[in-house]
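See structure below.
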Amino acid sequence: MTHDIPRPDAHQALREALRDLCKPFDSAYWQAVDEARGYPEAFVKALTEAGWLAAMIPTEFGGSGLGLTEASVIMEEINLSGGNAGSCHGQMYNMGTLLRHGSAAQKALYLPKIASGEWRLQSMAVTEPSTGTDTTQLKTTAIRRGDRYVVNGQKVWISRVQHSDWMILLARTTPLSQVARKSEGMSVFIVDLQQALGQGMSVKPIRNMVNHETNEVFFDELEIPADNLIGQEGQGFRYILDGLNAERSLIAAECIGDAYWFVDKARRYANERQVFGRPIGQNQGIQFPLSESYIETEAANLMRFRACALFDEGQPCGAEANMAKYLAAKASWEAANVCLQTHGGFGFAAEYDVERKFRETRLYQVAPISTNLIHAYMAEHVLGLPRSF
Ligand SMILES: Cc1cc2nc3c(=O)[nH]c(=O)nc-3n(C[C@H](O)[C@H](O)[C@H](O)COP(=O)(O)OP(=O)(O)OC[C@H]3O[C@@H](n4cnc5c(N)ncnc54)[C@H](O)[C@@H]3O)c2cc1C
């Protein structure tokens, strides 16, 4: 091998710091967490204490004031180390809603505690069982009564609720029949989970293919102080959309970390494993899919850095963030498949980590936005085709 995977870039110092932090959380650590269906508490604690999850919080609120580019390198390195940033990525980007749309008092109250890790804002509740991707049809309501909002309804697939102190909630505050556009009349709240649990909110974990803490959430007359409304009532859908470019770019970076991990793992094995008296990597049937995966990962990586650079310059980056997420999720999934195939039967053995990472990276074709919806965005907003839904 002539160079590292990924190749050295402008972020080496940051990469080295992350590699040092991730080193103790090795293959055995992540296997044990996966087997126990546990939460990587020690890893998330170390990451929080080192300040990495506060990368995008401005320095005036106790964060590091770094850009999306650097934040994406942090996420990439976690997955490249063999870990899974999906256990904690919400803490990095969920605060964006507060930062962009919260009042001065809300920012002063929440951001420093989120930056220090004292308060975990790992959860964001948007998806509902009966409406799925069609978010504007969501059924959860928040009705103003005096100095409180009363919430009723249900969410599904809400991640990290059990490892969070606060949750961002999107709910309808004005009925669909009373708004001019279906994207109006929804609002965003910050919910105190300790207070809400057992007093109008209940949580039911969903056992799933990945070791990912995700839940059904039920609201029955949950009362939220009116002060916990973020921004203007009725504008919540727009606020959530504002956060999606950062989320997509960060998740693209996680996929790129995974993709490089799979290529590296496979090329090492292909060099070592001898069958028919020669390394399997001598066969073009093994080489070419690996080459293809590497090429596609490098291309996705360029788009990731393009999306992040535009975001950091304050430029529109919807198309680039979507393309980065699409290319990266595709590259990581194809690399996962190639890596598993290269390992033959051993790819199925938990001790090689391939089957675990294979399961983990598959998620990103579906969440936080499914591949079809990226195509729908590109068709409408970039190619000028009629809206399909
Ligand atoms: C492990 C996990 C964690 C998650 N965490 C969170 C979370 O923390 N917070 C949260 O709010 N949500 C979360 N989600 C939900 C996730 O964002 C949704 O699953 C995703 O947006 C798809 O919604 P759906 O599952 O309802 O699929 P559906 O909307 O039912 O779609 C099913 C399929 O149909 C396709 N489809 C639907 N409409 C169209 C169309 N018009 N054109 C073409 N294809 C279409 C979709 O692409 C998809 O492939 C999580 C999901 C998972 C699996």
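Order of listing sets the numbers, starting from 1, for every ligand and every atom in it.
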Has [X] got a side-chain atom pairing as donor or acceptor with [Y]'s backbone, closer than 3.5 angstrom?
| X | Y | value |
| --- | --- | --- |
| Ser164 | Arg120 | yes |
| Asn208 | His212 | yes |
| Asp258 | Ser332 | no |
| Thr140 | Gln154 | yes |

Going by the 4.0 angstrom heavy-atom rule, the piece of Met124 near ligand 1 is backbone

Quiz question for you: does at least one protein heavy atom lie closer than 4.0 Å to [atom]?
| atom | result |
| --- | --- |
| atom 42 (N) of ligand 1 | no |
| atom 33 (C) of ligand 1 | no |
| atom 11 (O) of ligand 1 | yes |

Give yes or no for whether the N/O distance cutoff of 3.5 Å, strictly under, is met between [X] and ligand 1.
| X | answer |
| --- | --- |
| Asn208 | no |
| Asn372 | yes |
| Trp157 | yes |

Does one side chain, of [X] or [Y], offer a donor that lies under 3.5 Å from an acceptor on the other?
| X | Y | value |
| --- | --- | --- |
| Asn215 | Arg160 | no |
| Arg304 | Asn301 | yes |
| Thr371 | Gln365 | yes |
| Gln31 | Ser27 | yes |

Starting from [atom], locate the nearest protein heavy atom and write down its residue, its atom name and how far away it is, to 0.1 Å.
| atom | value |
| --- | --- |
| atom 36 (N) of ligand 1 | Leu373 CD2, 4.2 Å |
| atom 15 (C) of ligand 1 | Thr127 OG1, 3.3 Å |
| atom 21 (O) of ligand 1 | Pro368 O, 4.0 Å |

Determine, for Arg19 against Glu77, whether the closest basic-nitrogen to carboxylate-oxygen distance falls under 4.0 angstrom.
-> yes

[X]: numbered ligand 1 atoms lying under 4.0 Å from its heavy atoms:
| X | answer |
| --- | --- |
| Ser159 | 3 (C), 4 (C), 5 (N), 6 (C), 7 (C), 8 (O) |
| Val366 | 20 (C) |
| Gly132 | 26 (O), 29 (O) |
| Ser370 | 46 (C), 47 (O) |

Candidates Phe346, Phe262, Phe358 - the one meeting ring pair (Phe, Tyr, Trp, His ring centres under 6.0 Å) with Tyr352 | Phe346

Ligand 1 contact by Ala376, heavy-atom criterion under 4.0 angstrom = no

Looking at side-chain heavy atoms only, is the closest gap between Thr135 and Leu170 below 4.5 Å?
-> yes

Minimum non-hydrogen distance to atom 2 (C) of ligand 1, winning option of Ile240, Val126, Leu363 = Leu363

Among Asn94, Ile168, Thr133, Val156, the residue with a heavy atom nearest to atom 27 (O) of ligand 1 is Thr133

